[in-house]
Amino acid sequence: MLRLARPSSLRVPLLTRSYAQAAPAQSQSQGKKGGLSPLAQAAAKEVSSKWKGTSATGGKTKNYIGGKFVESKAEKWLEVRDPSTQTVVTHVPETTASEFQDAINAASEAYKTWSKTSVMRRQRVMFELQHLIRQHAPDIAKSIVLEQGKTFADAQGDVGRGLQVVESATAITSTLMGDKLEVSSDMDTYSRRLPLGVTAAITPFNFPAMIVLWSAALATVTGNTLVVKPSERDPGATMIIAELCERAGMPPGVFNVVHGSADTVNRICDDPAIKAISFVGGDVAGKHIHDRATPLGKRVQANLGAKNHVVIMPDANKNLALNAVAGAAFGAAGQRCMALSVAIFVGAARDWIPDLIARAKDLKISGGFEEGTDLGPVISPQAKERIENLIQTVTDEGGIIHLDGRGCVVENYPEGNFVGPTVVECTTDMSAYKQEIFGPVLTVVHADTLDDAIAIINKNKYGNGASIFTNSGAAGRKFELEAEPGQIGLNVAVPVPLPMFNWSGNKGSFRGEHSFYGKTGISFYTQHKTTTALWPHEDATGQRASVNMPQVQ
C-alpha cells in the first residue's frame, strides 16, 4: 500500500518545452574529457563542412531569408551545447527586428507568385524534397544528435516521420480537390481551396526535423509561404532542411528561417502579415501564443503538454506489453510529447512490475553516437535538475521509487545531462503524476478494474494519447470508445497516426480548430472560395479544333 500524503511544499523550477525557458547552459565550453567524443567530432566536422546555414564546431547559425543564408547582426547570441559533454556546438542569434521584417517581406513578396504557381509545379517540389531528405537524412540526424542528444537511430526516426508528411504532401493534386455541381441549366457552383498567405511555425527542441517538416510540406504545397522559428536549442536540422527546400526548387522567400526566443515569438504573434501559426511545445508558451495571436484574427494550432497513460490488463501478452511500455517510456530519454509517462496496472498485472524494472535496467545510457545506446542525455542541465527534483517529490509525498535514475554517471561523459530510466509508484494526487516530467520517468499507478483505469485517464486534464494492452477484444473496444484522449492505441504503445490521418490530441493538450497533418492539416493551411458561374451554351463561338495533346504547365 502507498502511504498517502499531502503534496510536498518543495518548489520545482518550471522548465517545459516553451521558448521562455530556453537559456543556454552556464558552464565551461567543453567537457572535462576535452570536448566532443571522437565520433561526435567527426560528425560535427562533416555537418559544418557540407551545409551553409549551420555550424556544429562552435561557429554561428545563420538566418535564411529570401533564399539566402544571412549572418545575423544580433547583439545577443545563445549557446547551443552538446547535451552529452556541454561542448558549445553553435551560436544562435536573437534575430533583430529588422531581420525579422526582412523575412516577412520576403515571404510576402514570394506569396504573390508562389500562390499562383500550379499545383502540379508545387507537387514536383515535394517529390524533389522527398528525394533529397531521404538522401541526406544521415546528416540531419547527425545534427540532431549533436544539438539535442538523441541516439543516432532515434534521430533518424525523427527525420523519417517528418519525411512521411512530405511524402503525403505529394498527393496534393488529389487532397486539394474542390467540389462542383451544375445547379441549374448552364449554371455551375464550385468550391476550391486557396492558400492563406504568409504562415509561421514555432517548433520544439524534441523533434527538430519531424515537426519542421510538418509545416515545410503542408504550408508550402498548398501555396502559402512560411517563416520558421526553430527551437533555439537545436536549430541545425531546420537549417539543413532550408537548404534542401532550396535545392528542391522552392523559389526565394517561400521558406524562411529566423531564430531567437520570446521576442521573435511575439513578433510572429503580432505581425499582421502572418495569417496562421503552427506551434508544438509546452503549456505556458502554447497558451501565450494562442491567446496573443487569435484575437488578431490569426489561425493557431497549438499542441501543448501531455500525460499519456497505458493500461496493462492481466490478460495481455506480457512480453509484448512490457517491451513496448519500456521502449515508449524511456526512448528519447522520455522527451516525446507522446511518451508513455503513466502505466496503470490492472489487478494481477501489478505482479509484472519487477519484470518491467528489469527491462529498464538493461537499457544502455551513453552518448548518441555510441553503438548500442538506448537513450542519451536530456536537453539541458536545467531539465535534468527539474526531472530529478520531481523524482524526489515521490519520496517526499509518500510514494515509492522502484528504480532511481538520479546521479547517473556515464563513462567518458562526466558532464552529460544524463538521467537513467526511473520507475516510481504514485497515487494520482502526487506531483510526479500530475506534472508533465518530460524525462525518462515512468509513473506506476494501480487500478482494480478497467473501469477504474479509464476513470483515472479521463480525470486527467491532458488528452494527447492513451493505450491499452489486452487480448480481449471487448476490453479493447470499451477502452477505444470510453477513454477520452484523441489518439488511442490497442496493443500499440505510441499511437501516433501516419500522416494520411489527423493528429488528434485534445482536451488540455491542444488549442485551435484544425489539428496537424491529414485532412485537418490541409484545412488549416487553406480557405474555401465558392464561385457560381453562368455560361449559356448558345454563346459558344469556337469554329476550329486543335489536334495537339494539351500540355499542363
Side-chain angles (χ1 to χ4, degrees), residues 17 19 22 40 43-57 59-64 69 78-84 89-93 129-130 132-166 201-220 226-248 250 255-260 278-281 332-333 335-337 368-369 376-377 379-380:
R17 287 166 287 160
Y19 63 88
K45 290 178 181 177
E46 184 176 7
V47 169
S48 298
S49 64
K50 291 175 65 174
W51 301 97
K52 300 175 184 177
T54 186
S55 168
T57 52
K60 293 180 178 180
T61 295
K62 295 179 173 62
N63 287 319
Y64 183 68
F69 291 98
L78 305 174
E79 291 179 341
V80 174
R81 293 173 177 266
D82 164 35
S84 295
V89 294
T90 193
H91 295 80
V92 180
L129 183 59
Q130 171 190 238
L132 290 167
I133 291 171
R134 192 179 300 278
Q135 181 181 354
H136 296 288
D139 283 347
I140 303 174
K142 289 172 186 175
S143 176
I144 293 171
V145 177
L146 290 164
E147 296 179 349
Q148 200 269 354
K150 289 187 181 187
T151 67
F152 185 62
D154 194 40
Q156 289 179 302
D158 184 339
V159 180
R161 291 308 297 261
L163 175 61
Q164 289 173 347
V165 179
V166 178
I202 302 169
T203 61
F205 76 81
N206 59 324
F207 283 99
M210 179 183 78
I211 295 175
V212 170
L213 287 170
W214 289 0
S215 294
L218 293 186
T220 60
L226 182 66
V227 177
V228 177
K229 192 217 82 71
S231 171
E232 58 272 39
R233 292 183 182 274
D234 48 8
T238 301
M239 302 315 298
I240 296 174
I241 290 168
E243 188 165 344
L244 295 180
C245 287
E246 179 181 319
R247 295 184 192 179
M250 281 190 193
F255 186 91
N256 307 271
V257 184
V258 294
H259 301 285
S278 179
F279 169 81
V280 176
Q335 298 175 122
R336 295 172 179 158
C337 60
F369 289 110
I379 188 66
S380 68

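Keep in mind it's a predicted model, so treat the numbers as computed, not measured. We use all heavy atoms of the structure for the numbers below, so side chains are in, but hydrogens, waters and symmetry mates are not.
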Chemist: Would the distance check show the side chain of Asp158 and the main-chain N or O of Ala141 forming a donor-acceptor pair, the cut-off being under 3.5 Å?
Modeler: no
Chemist: Would a 4.5 Å heavy-atom cut-off, applied to side chains only, mark Met239 and His259 as touching?
Modeler: yes
Chemist: Does any pair with a residue in residues 235-246 pass salt bridge (Lys or Arg N to Asp or Glu O under 4.0 Å), and if so which ones, sequence neighbours excluded?
Modeler: Glu243-Arg247
Chemist: Verify the distance criterion only: is there a donor paired with an acceptor across the side chains of Thr61 and Thr90 at less than 3.5 Å?
Modeler: yes
Chemist: Find out whether Lys62 and Lys52 are in side-chain contact, i.e. whether some heavy atom of one side chain is under 4.5 Å from a heavy atom of the other.
Modeler: no
Chemist: Under the 3.5 angstrom rule, does the side chain of Gln335 hit a backbone N or O of Ile379 as a donor-acceptor pair?
Modeler: yes
Chemist: Quick one: NZ on Lys50 to OG1 on Thr54, what's the gap to the nearest 0.5 Å?
Modeler: 13.5 Å
Chemist: Report the residue from Val159, Ile140, Ile133 that forms a side chain to side chain contact (heavy atoms under 4.5 Å, CB included) with Ile240.
Modeler: Ile140
Chemist: Does the plane of the ring in His136 sit parallel, tilted or perpendicular to the ring in Trp51? Use 30° and 60° as the thresholds.
Modeler: perpendicular
Chemist: Take Lys142 and Phe369, measure what side chain to side chain contact (heavy atoms under 4.5 Å, CB included) needs, and give me the verdict at the end.
Modeler: CA-CA 8 Å; Lys142 289 172 186 175; Phe369 289 110; 4.1 Å; yes
Chemist: With salt bridge (Lys or Arg N to Asp or Glu O under 4.0 Å) as the criterion, how do Asp234 and Lys150 come out once you've worked through the C-alpha distance, each side chain's angles and the decisive distance to 0.1 Å?
Modeler: CA-CA 11 Å; Asp234 48 8; Lys150 289 187 181 187; over 6 Å; no
Chemist: Closer than 4.0 angstrom, basic N to acidic O: yes or no for Arg233 and Glu147?
Modeler: no
